[in-house]
Amino acid sequence: MNFDLPALRQQFPFFTAHPDWIYLDNAATLHKPQAVFDAMNQFYCAQNSNVHRSAHGLSQQATAAFEAARTIVAQFLNARSSHEIIWTSGTTAGFNQLVFGLMGPVLQSGDRVLISTMEHHANIVPWHIHALPFGVELDVVPLTADHRFDLSAFAELLKLKPKVVSISHVSNALGHIQPIADIARLAKAAGAIVVLDGAQGIVWEKVDVQALDLDFYLFSGHKLYGPTGIGVLYGKTEYLELLRPLLGGGEMIKTVSFSQSSWNDLPYRLEAGTPNMAGAIGLGAAILWLQQQDIAAMQHHKKALVQRFYEGCRQIPGLELLSGPTTNAGIVALNLKNEHPADLATLLDQQKIAVRAGTHCAMPLFQALNSKGSVRFSFACYNSFDEIDRTLTALATAVELLTE
Amino acid sequence: MIRPDIFTETAAALKNIYDTQLPELRQLKDWQSRYRILMTLGKALPVFDSDGHRDEFLVQGCESKAWLLHYQDPVTTQHFWAFDSDARIVKGLIILILAQVNGLTAEEFARASPELLLNELQLQQNISPSRSNGLLAVLTKIKNVI
Ligand SMILES: Cc1ncc(COP(=O)(O)O)c(C=O)c1O
């Protein structure tokens with residue numbers, strides 16, 4: 001397969017609607033190919049019925065489409081069974097279910113959990129809400145001098161015997177790809193449950209949860225060319241069985257009386273209420289679409305975009321790069337010396353370059369870096385070299401305005 | 001203690017901006033020139049000391065830090081403001097707002113639409129309800145205080 005950028009880009013209707021913008025906020029949310037809209041449209045127009053509930057044949061057809069999407073995800077991650085795929089509304093919701101569910105059956109007062117400095121708030125705040133008040137303690141893996149995951153400090157912290165190790169696959173603020181194979185291997189050897197936040201990682205590379213021996217992996221559909229409002233919590237059967245459901249209600253029960261209820265089997269036990277049917281089907285379509293692409297070529301293209309952007313940035317005086325160009329999943333964070341990231345981002349917005357400025361839901365990271373935040377350029381397979389060059393010109397204009 | 005003369009100094013600076021830089025901004029056709037001026041407006045305002053930068057004056061909801069001080073003259077009931085931010089563009093935009101409303105009474109303020117000027121100058125196409133938009137947060141705070 002080869003990489004035909006114009007043909008690829010044509011599959012994304014958003015760019016037809018906004019030909020004058022350069023979208024480099026892909027880490028916030030990705031655009032979606034037509035195939036995703038077609039699948040969701042087809043569901044609403046021709047299949048819409050509530051799943052798993054009704055006696056009629058229409059509901060059975062909807063259920064079949066919905067469960068087929070679950071199977072697509074299971075195969076994509078190489079899970080052992082499709083019941084290891086729990087639908088959530090996104091990574092954030094998945095983490096809340098996970099942390100709540102671990103408390104009691106797995107985690108008790110005095111137990112430790114290990115995260116890293118680079119974590120997104122979605123892998124920090126649920127621990128604050130559901131675990132720390134019950135006596136769980138949080139340890140944090142520091143950064144190396146070049147803002148990477150410090151593997152040797154990690155090995156040291158494992159000596160504290162954390163019950164759970166929960167780390168991002170790719171840092172959303174810096175773009176650095178964490179050494180997930182080493183992290184998983186060392187954590188397993190230390191007897192910990194391994195959780196990876198795949199929100200930014202899943203779009204970068206295929207993940208084999210069995211080969212990596214992951215216990216939990218979470219991601220959001222909208223960061224994988226899919227719709228918003230759908231996400232995945234993958235878990236090994238034996239650990240999912242342990243989780244206490246965060247949400248109770250319809251679908252997740254076997255029997256209910258006024259005094260008690262007994263819970264349904266996996267995956268339904270952790271999916272109370274009518275699920276996001278169209279969202280699941282849209283995500284299934286996004287994954288099928290992705291599997292028809294040359295993923296290695298996409299990765300190669302993104303590496304080349306980052307490289308080109310880096311080289312251009314080196315020509316612009318005063319820029320301070322927080323991310324490195326290698327082992328980078330397509331995100332570059334930078335600042336202009338002595339200037340606020342919001343100013344730089346506004347001057348880029350004025351030139352129709354869409355980037356994000358701030359602390360990117362990773363405030364503790366920027367506290368560790370002693371920084372107000374950064375301007376984040378995040379690239380996707382559909383971005384072109386021409387867009388990089390125009391962005392560099394716009395960046396040079398903005399820098400000139402701020403420094404003259 | 002907030003030094004009381006920060007409000008009189010700010011008022012003088014805002015009046016000067018209203019009389020000289022604002023007409024200039026209206027003349028300029030290209031966005032670079034307008035932003036160039038906008039980003040220098042902050043320099044004319046009195047410098048905040050550490051008291052002004054206390055957390056109680058922070059406006060919540062900005063990506064950048066923004067401090068807003070308020071004083072109401074008990075006799076005339078006029079509202080006076082002082083402002084600082086660590087980001088230059090937000091600071092410039094707020095200064096353009098304050099230059100129009102500083103010293104107004106609540107009745108006068110109710111009839112004012114200071115944000116329209118930013119559209120006219122094509123500085124902020126729309127004051128979006130985005131949570132990172134410091135401008136909206138400061139405008140809301142001004143309205144709430146008055
Ligand atoms: C690394 C990481 N984790 C978690 C999340 C949360 O994802 P969502 O907002 O889709 O729940 C994000 C999204 O920004 C992210 O980048």
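We name chains A, B, ... by the order of the sequence lines, and we start the count at 1 in each one.
B/Y35 has its side chain out of reach of A/L402: every pair of non-hydrogen atoms, C-beta onward, lies at least 4.5 Å apart. For the pair B/M39/A/T346, no side-chain contact is recorded, criterion being any heavy-atom separation below 4.5 Å from C-beta on. Within the 4.5 Å cutoff, the side chain of A/E339 has heavy atoms near those of the B/R88 side chain.
The environment of A/F100 atom CZ is dense: over 12 non-hydrogen atoms of other residues, nucleotides or ligands sit within 6.0 angstrom. No more than 12 heavy atoms of other residues, nucleotides or ligands lie within 6.0 Å of CG in A/N370, so this atom counts as exposed by the packing criterion. B/N144 CG: more than 12 foreign heavy atoms inside a 6.0 Å radius. Within 6.0 Å of the CD atom in A/E400, the count of heavy atoms belonging to other residues, nucleotides or ligands does not exceed 12.
Checked by atom type and distance alone, the side chain of A/D343 pairs as donor or acceptor with a backbone atom of B/I89 at under 3.5 Å.
Using a 4.5 Å cut-off between heavy atoms, A/E404 touches chain B through its side chain atoms alone.
Taken from CD in B/Q122 to CD in A/Q350, the straight-line distance is 8.5 Å, to the nearest 0.5 Å.
Of all heavy-atom pairs spanning B/Q32 and A/L401, the tightest one is O-CD2, 3.6 Å.
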